[in-house]
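Notes follow once the structure below has been shown.
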Amino acid sequence: MRKSEQRHHPWWNGMRQCGLLASLVLANGVVGLSLSSQAEENLADSARDLAASVADQEGTEHSVLIATRKADARQEETASETSPHGGGLKPISASSDKEPVLAAPEPTLAPALDTPTRLRSIKMASNTTTVEPAKSEPLAKANSHQQLAVFHGIQPGVSTKKQLLEAWGKPQEVSPTEGGELFAYELESFRSVNVLVENETVELMEVRLRQPVAPDVLAKKIQADPAEAAQVIEPETGELLAYAYPEQGIVLVLDRSDEVTPDSSPLVSQMLLQPRDAQTFFLRAEQRPRRSCSARIADLREAVSIDPSEAHAHWLLAEALLQTGQAAPAEVAASRAVDLDPENIAYRQRWGETLSAIGKYDAAVLATREVLDEKTAPKLVRAKALHQMGLLAALGDANIAKKTVGFHAMAIEEADALATSDDRKLRCEAKRLLVEAHLAVALDVSRRDYTDKMGNVAQWVSRASGFAEELIANDEGELDLRIRVAQQSLTALSNFKPANDPEPLIQEILDTLQEIETESNDPLWIEQLEWATGVAYLRAVQIEHHRRNADQALQYSEQAIELLGDKAEKRRDNPMTEKLIGQLYFHIGALHAVHQKQHAEAVDWYDRAFPLLATDAPDSQFTVPRREGEALVSMAVSYWSEGDKERAISLTEMGAELIEKAVAGGVVEESTLAVPYGNLAVMHKKLGNMGDSARYAKLAESMRETEPERPEAKATPVKQAGVAAKPMPKKSAKPNQNTTNKKPTRRASRSSTQHR
């Protein structure tokens with residue numbers, strides 16, 4: 001044995017676990033962050049405050065720059081519409097608004113655990129032999145697993161020692177191993193064939209070729225797709241060691257003899273045949289691009305079915321499921337990873353994300369707090385936890401919500417330090433996090449009062465756009481980033497009254513989606529992006545409602561229904577899903593009620609919106625309602641106009657109660673209560689309930705006060721150290737451009753609006 005080969009032996013002990021090498025790259029490539037003592041103290045205080053609010057209650061360029069164009073003062077006035085039939089009732093405008101040969105498999109999302117393996121007999125006579133299946137054994141059906149390799153009638157993991165001896169005869173040499181025996185054979189056309197037998201079963205086969213062969217040539221011989229190979233990388237040096245084909249149980253080991261030089265093309269010197277191995281499946285899943293959602297999930301489901309105790313595979317599966325909107329199964333997978341490896345802080349961070357996705361906000365806060373308390377947490381994990389804590393803080397009352405920007409700013413600081421890493425995977429994840437954190441700040445600023453709120457939001461969105469385009473241009477980032485930036489920009493714009501024209505951003509999303517659809521046929525990936533596009537249309541509906549462009553808003557609503565309707569059921573585990581669909585139906589109703597005075601049509605939409613908006617809020621001790629109450633109050637006006645007096649009063653009372661909670665939490669101005677109280681006063685007066693009418697009239701009067709002065713504070717983006725954050729100078733799409741109003745390219749039939 002050559003010296004250069006010794007470090008890769010014993011092959012039966014090392015190479016069958018080859019997947020572990022590459023799977024450790026990310027974990028070993030990140031180190032802990034050392035913040036200044038003051039920053040650490042501020043971080044700890046903020047995290048403790050947020051966690052305590054739970055514990056106490058429990059008893060324990062395509063630049064998408066947003067323009068800073070000022071709106072006319074008259075347009076900013078609250079649009080209080082008075083129904084001629086409503087008795088002076090007002091909607092709340094903010095709301096209205098042998099080679100071992102296998103057949104190629106069909107990708108499946110959830111391979112059945114008990115699917116029988118269909119074997120294909122293979123005869124391999126030399127390095128140039130073509131492969132033919134034995135006529136006695138049919139090929140696997142298209143929807144079955146790709147078959148494991150069978151070499152000269154022997155299949156690792158299935159064939160017994162007795163079958164091996166009967167088929168191949170007595171070996172040239174038998175050597176004892178720690179767990180069994182190693183049988184050495186000399187077969188025609190091969191340097192050697194070694195077979196590891198443990199517990200009377202063939203566990204591994206090493207086939208050493210007489211002459212090295214190019215990987216793609218050998219892949220063709222075994223009928224494998226080189227694009228479906230997992231690369232086995234040496235974590236310390238980054239050197240490519242082998243290609244693994246998980247379905248076949250084949251590992252093509254590259255020649256590492258003394259004749260190999262750094263400039264040599266890689267050649268395969270030996271093949272390993274093994275049973276299906278969980279690590280090679282999740283290794284390939286890690287290496288798949290983000291857009292290969294279906295294949296990633298299929299790989300990871302196969303990995304956890306092979307080895308349910310593989311925590312890393314559960315962790316990766318949680319990420320893939322969360323990406324595709326499957327919140328509940330994602331939480332199950334993340335929870336399982338934590339159960340299997342409680343000390344792994346990255347697993348706990350992912351679990352916190354999934355808990356938030358299913359609406360278990362209190363548990364998410366506590367899980368994320370545990371991550372931040374761990375001083376040895378890797379930088380990327382810590383940055384993600386800070387970002388997650390910022391998202392959670394935004395759900396709380398005013399005292400908690402004001403910490404949102406601080407959390408995101410610290411996440412940005414830590415992610416920025418990783419954005420120039422030599423580790424591409426780490427670098428790309430850091431840049432993606434920078435995009436998300438900047439967008440999160442933009443959203444938070446858009447919900448608050450600032451002297452130059454539009455300018456502040458524009459700066460944060462501009463930086464997010466810059467990071468996204470830099471990642472797309474230089475690190476092969478996915479185009480979904482462009483859709484994400486545009487969609488979140490529209491969400492921020494929807495908080496302005498009035499806002500800029502949403503059409504350029506909508507068109508940018510449609511153009512990007514069309515480009516992606518021409519390059520990808522992954523159904524889960526496209527579905528995810530269509531959902532994001534549907535949310536963008538919803539925000540455009542809100543924006544055009546505030547701009548008083550009812551016809552355009554209704555056109556956008558058709559697109560939103562088409563894109564969101566048939567996908568909502570799959571996302572029901574996420575409490576935001578029903579809220580989004582409810583908001584869409586509500587805004588369509590408000591368009592009919594406020595702008596067209598069509599209260600009968602509005603009530604039809606409100607009937608659909610109410611069950612979704614009135615669902616029980618997630619069981620959380622620190623979150624407070626925002627605008628839900630205002631929507632109910634506005635809906636009540638149309639019910640009253642249509643003669644449903646009882647329901648009108650009930651909805652107004654429900655809305656007032658929610659607004660009172662929002663006022664108590666400091667997230668809604670107390671003066672907002674003047675509308676529901678005033679409406680109740682009018683309603684009771686019309687019904688002859690003079691006592692109740694007088695009481696509500698007095699309450700309404702006490703709520704009418706001048707709007708508080710806006711603070712001079714600004715949420716200015718922090719300076720980034722490592723990566724240029726300027727938008728890429730291409731294909732600008734700014735909301736304030738004087739562009740031709742293009743008609744949306746997606747249309748929905750009237751029947752699609754019936755989705756509940």
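Note that the numbering runs from 1 along the sequence shown for the chain. Computed over heavy atoms, backbone and side chain alike; hydrogens, waters and symmetry mates excluded.
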With a 4.5 Å cut-off on side-chain heavy atoms, are [Y] and [X] touching?
| X | Y | answer |
| --- | --- | --- |
| Asp501 | Arg547 | yes |
| Asn500 | Met454 | yes |
| Leu505 | Leu493 | yes |
| Leu434 | Ile412 | yes |
| Ile588 | Ile561 | yes |
| Glu653 | Leu680 | yes |
| Glu517 | Glu530 | yes |
| Lys403 | Met389 | no |

Please confirm whether the backbone N or O of [Y] pairs with a side-chain atom of [X], one donor and one acceptor, at under 3.5 Å?
| X | Y | value |
| --- | --- | --- |
| Gln528 | Gln323 | yes |
| Ser494 | Thr491 | yes |
| Glu642 | Trp640 | no |
| Thr623 | Leu395 | no |
| Lys685 | Ser693 | no |
| Ser465 | Val461 | no |
| Ser356 | Glu353 | no |
| Asn689 | Asp692 | no |
| Asp452 | Gly455 | yes |

Would you give the length of the straight line joining atom [atom1] of [X] to atom [atom2] of [Y], rounded to the nearest 0.5 angstrom?
| X | Y | atom1 | atom2 | result |
| --- | --- | --- | --- | --- |
| Glu578 | Leu612 | CD | CG | 5.5 Å |
| Ile506 | Thr533 | CD1 | OG1 | 8.0 Å |
| Ile649 | Leu687 | CD1 | CG | 5.0 Å |
| Leu479 | Glu469 | CG | CD | 8.5 Å |
| Ser702 | Glu670 | OG | CD | 7.0 Å |
| Glu569 | Arg572 | CD | CZ | 4.0 Å |

Pair [X] + [Y]: basic N to acidic O under 4.0 Å:
| X | Y | result |
| --- | --- | --- |
| Asp480 | Arg432 | yes |
| Lys698 | Glu701 | no |
| Asp604 | Arg608 | yes |
| Arg291 | Glu478 | yes |
| Asp607 | Arg647 | yes |
| Glu527 | Lys567 | no |

Next on the checklist: Counting the benzene-type ring for Trp, do His438 and Phe467 have ring centres under 6.0 Å apart?
Outcome noted: yes

Checklist entry - Would the His599 and His592 ring centres measure less than 6.0 Å apart? => result no

Checklist entry - Could you go step by step and tell me if Trp605 and Phe586 meet the side-chain contact (heavy atoms from CB on, under 4.5 Å) rule? => result CA-CA 6 Å; Trp605 288 102; Phe586 163 72; over 6 Å; no

Which atom pair, heavy atoms only, marks the closest approach of [X] to [Y]?
| X | Y | result |
| --- | --- | --- |
| His408 | Gly390 | NE2-C, 3.6 Å |
| Asp522 | Ser520 | N-OG, 3.2 Å |
| Ala401 | Arg448 | O-NH2, 2.6 Å |
| Ala468 | Leu481 | CB-CB, 4.0 Å |
| Ser446 | Asn495 | OG-ND2, 2.8 Å |
| Leu538 | Ala560 | N-CB, 4.0 Å |

Item to check | Glu646, CD atom: more than 12 neighbouring heavy atoms under 6.0 Å | outcome: no

Item to check | Qualifying residue, where the test is side chain to side chain donor-acceptor pair (under 3.5 Å) with Arg539 and the options are Gln583, Gln488, Gln487 | outcome: Gln583

[X] and [Y]: side-chain donor and acceptor closer than 3.5 Å?
| X | Y | value |
| --- | --- | --- |
| Thr652 | Asn679 | no |
| Tyr556 | Glu503 | yes |
| Gln507 | Asp511 | yes |
| Gln326 | Thr324 | yes |

Next on the checklist: When you measure from the centre of the six-membered ring of Tyr639, is the NZ or CZ of Lys645 closer than 6.0 Å and no more than 45° off the axis?
Outcome noted: no

Next on the checklist: If you apply the rule side-chain contact (heavy atoms from CB on, under 4.5 Å), what do you find for Val457 with Phe496, and how did you get there?
Outcome noted: CA-CA 11 Å; Val457 170; Phe496 291 85; 4.0 Å; yes

Item to check | Evaluation steps, salt bridge (charged side-chain N to carboxylate O under 4.0 Å, His left out), between Glu470 and Lys431 | outcome: CA-CA 9 Å; Glu470 195 278 335; Lys431 289 179 182 178; 2.8 Å; yes

Checklist entry - For Thr512 and Ile516, what are the C-alpha separation, side-chain angles and deciding distance, and is it a side-chain contact (heavy atoms from CB on, under 4.5 Å)? => result CA-CA 6 Å; Thr512 305; Ile516 291 172; 4.0 Å; yes

Next on the checklist: If you apply the rule side-chain contact (heavy atoms from CB on, under 4.5 Å), what do you find for Ser489 with Val485, and how did you get there?
Outcome noted: CA-CA 6 Å; Ser489 298; Val485 173; 4.1 Å; yes

